[in-house]
*Asks:* 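The structure's right below; bear with me while I get my questions together.
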Amino acid sequence: MTWLSRAVPLRYLTSNRRLQKPPWMTYPAAFYSDSTEKKGKVTPLQETRMRDRFTLYARGGEGGNGCSSLRRSRTDRFGKPDGGNGGRGGDVILECTHAVWDFSGLQPHVKGGKAGHGTSKNRIGNRGEDKVLQVPIGTVIHLQEGELPSQIQVGSPKSSDPWDLPGTLVDDPASDENSDVDQDSSVVSESEEESVAASALHVGTEEETDFEEGQVRYNVAELTEEGQSIIIARGGEGGLGNVSATRYLRGTKFTKTSTIKCGSLGTESVLILELKSIADVGLVGMPNAGKSTLLGALSRAKPRVGHYAFTTLRPNLGNVNYDDFSVTVADIPGLIKGAHQNRGLGHNFLRHIERTKVLAYVVDLASGLDGCEGVTPWQQLRDLVMELEYHEEGLSDRSSLIVANKIDEDGADERLEELERRVRGVRIFPVCAVLEEGVDELKDGLKMLVNGEGSERLKLENISVD
Ligand SMILES: Nc1nc2c(ncn2[C@@H]2O[C@H](COP(=O)(O)OP(=O)(O)OP(=O)(O)O)[C@@H](O)[C@H]2O)c(=O)[nH]1
């Protein structure tokens with residue numbers, strides 16, 4: 001039997017998401033403002049979903065062992081110690097960057113690089129390689145097990161100087177006093193390696209998200225700015241070579257050099273990483289609807305404004321201040337039809353919306369007026385809602401309002417009246433973002449929704465386009 005003649009297993013057909021048509025995809029194509037438009041290229045990212053919670057097990061690399069070596073010469077029969085120190089193990093570091101949106105690129109188990117052992121001629125072992133994991137802005141760290149060895153820093157944490165003498169052993173030699181490591185061996189034995197593996201902390205599977213309440217320490221750290229980083233597992237210190245060890249032991253009660261020759265293990269931690277929402281309100285609209293201008297009018301933010309589409313490539317954030325309270329607003333890059341297939345700024349745009357509580361749909365009232373090309377405001381709304389739902393069912397199901405922008409343009413008043421007739425269920429705020437007209441009323445509306453005093457949602461069936 002050739003492979004061609006084999007039937008595709010039924011299980012595969014029913015479990016593969018691509019072959020099933022979800023109920024929300026049954027909206028007729030005619031709902032789109034331009035259903036004849038060619039489909040853009042579908043990227044492989046299409047099926048990915050945002051990963052906003054992740055369990056990570058991190059372990060610092062092991063320190064290298066110190067070397068025990070004697071340098072003999074014709075004049076010195078007994079020789080002088082010349083064994084170098086072991087290197088320090090690599091750290092595991094989280095680094096905050098705009099370049100990633102969620103945790104889908106992370107591996108659940110990460111270990112810092114193992115350090116090199118010291119060698120003769122007093123040579124220090126190589127420093128273990130640091131593992132730097134990129135996480136998105138707004139990553140909150142909860143600690144399930146272990147400790148965080150450092151505070152948040154701006155910029156990559158500096159690796160310690162490999163020429164420094166290992167610190168932990170010097171600090172507390174007594175803790176290893178009774179070690180039974182073989183005097184002459186500078187390499188950790190097989191059984192010790194196994195016990196290291198056995199002592200690894202329990203870590204949940206990738207999908208595991210249920211934790212016992214008491215165990216987890218919540219909000220231990222938060223990475224909110226580009227370039228911030230934090231060491232989550234520190235590499236072990238290198239063991240002392242016999243040059244340093246003899247110097248160190250002179251004048252102490254300790255005699256065994258072997259106790260301080262072995263490199264120590266790295267620290268371990270189990271973290272739960274979580275993405276907090278980037279803003280209370282997301283401004284959603286077609287390119288050129290005036291979102292960036294509106295953000296500037298609502299807050300002190302100074303986003304780039306341009307008369308061309310896609311001036312905004314990543315969300316700009318602004319704070320809208322009230323007497324007792326403030327609301328974060330994100331100007332989200334312009335959406336075009338087909339964004340769910342990753343057209344335009346596609347998934348990037350849609351991922352940001354997943355991280356906002358309230359949606360403010362910004363429509364351009366002047367679009368398509370005076371015989372110019374453009375999509376009517378009600379059609380803009382329909383396209384926006386459909387894109388959200390195509391990307392993820394229920395994405396548009398959150399408190400919403402409509403900002404009818406560019407009310408200053410000729411013919412915009414009539415457009416507004418028609419919009420109010422055609423769209424039901426959510427409040428519409430006429431605004432001129434450039435002149436900052438209608439902005440105070442809009443601020444009040446946003447405040448109410450963020451406070452949970454209103455829960456209007458924009459639904460497809462409440463938008464009439466015919
Ligand atoms: N007449 C008028 N023009 C406006 C108004 N608000 C914005 N504009 C203009 O509309 C154009 C687009 O404004 P942006 O704020 O960059 O629009 P955007 O929605 O952020 O655009 P993208 O970055 O492509 O998503 C600019 O030329 C603005 O000056 C308004 O209230 N009235």
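For ligands, and for the atoms within them, numbers begin at 1 and follow the listed sequence. Counting begins at 1 with the first residue of the sequence.
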*Asks:* Less than 4.0 Å is my threshold; does some heavy atom of Gly285 fall inside it relative to ligand 1?
*Replies:* no
*Asks:* Should you measure from each heavy atom of Glu409, which atoms of ligand 1 turn up under 4.0 Å away?
*Replies:* 1 (N), 2 (C)
*Asks:* Main chain of Ser464, side chain of Arg422: is a donor-acceptor contact present, judged purely on distance under 3.5 Å?
*Replies:* yes
*Asks:* Got a donor-acceptor contact below 3.5 angstrom from the Arg398 side chain to the Thr356 backbone?
*Replies:* yes
*Asks:* Should the proximity of Asn405 to ligand 1, defined as any heavy atom under 4.0 Å, be assigned to the side chain, the backbone, both, or neither?
*Replies:* side chain
*Asks:* Looking at ligand 1, does any of its N/O atoms fall within less than 3.5 Å of an N/O of Val431?
*Replies:* no
*Asks:* Using a 4.0 Å cut-off to any heavy atom of Val434, which atoms of ligand 1 qualify?
*Replies:* 2 (C), 3 (N), 4 (C), 5 (C), 6 (N), 7 (C), 8 (N), 30 (C), 31 (O), 32 (N)
*Asks:* Establish, from distance only, whether the side-chain atoms of Glu268 and Tyr57 form a donor-acceptor pair under 3.5 Å.
*Replies:* yes
*Asks:* Does atom CD of Gln107 have more than 12 heavy-atom neighbours, drawn from other residues, nucleotides or ligands, at distances under 6.0 Å?
*Replies:* no
*Asks:* Can you find an N or O of Gly290 that's nearer than 3.5 Å to an N or O of ligand 1?
*Replies:* yes
*Asks:* Heavy-atom distances under 4.0 Å are what count here, so tell me which part of Asp408 touches ligand 1: side chain, backbone, both or neither.
*Replies:* side chain
*Asks:* Can you find an N/O atom of Asp331 closer than 3.5 Å to an N/O atom of ligand 1?
*Replies:* no
*Asks:* I'd like to check whether Cys432 has a polar contact with ligand 1, where a contact means an N/O of the residue lying under 3.5 Å from an N/O of the ligand.
*Replies:* no
*Asks:* Find all atoms of ligand 1 within a distance of less than 4.0 Å from any non-hydrogen atom belonging to Lys291, and give their numbers and elements.
*Replies:* 15 (O), 17 (O), 18 (P), 19 (O), 20 (O), 25 (O)
*Asks:* With salt bridge (Lys or Arg N to Asp or Glu O under 4.0 Å) as the criterion, how do Arg234 and Glu147 come out once you've worked through the C-alpha distance, each side chain's angles and the decisive distance to 0.1 Å?
*Replies:* CA-CA 10 Å; Arg234 196 180 283 287; Glu147 289 294 331; over 6 Å; no
*Asks:* Sub-3.5 Å donor-acceptor pair from the side chain of Lys291 to the main-chain atoms of Met286, do we have one?
*Replies:* yes
*Asks:* Consider side-chain contact (heavy atoms from CB on, under 4.5 Å). Of Thr55, Leu56, Leu271, which one does Gln144 pass it with?
*Replies:* Thr55
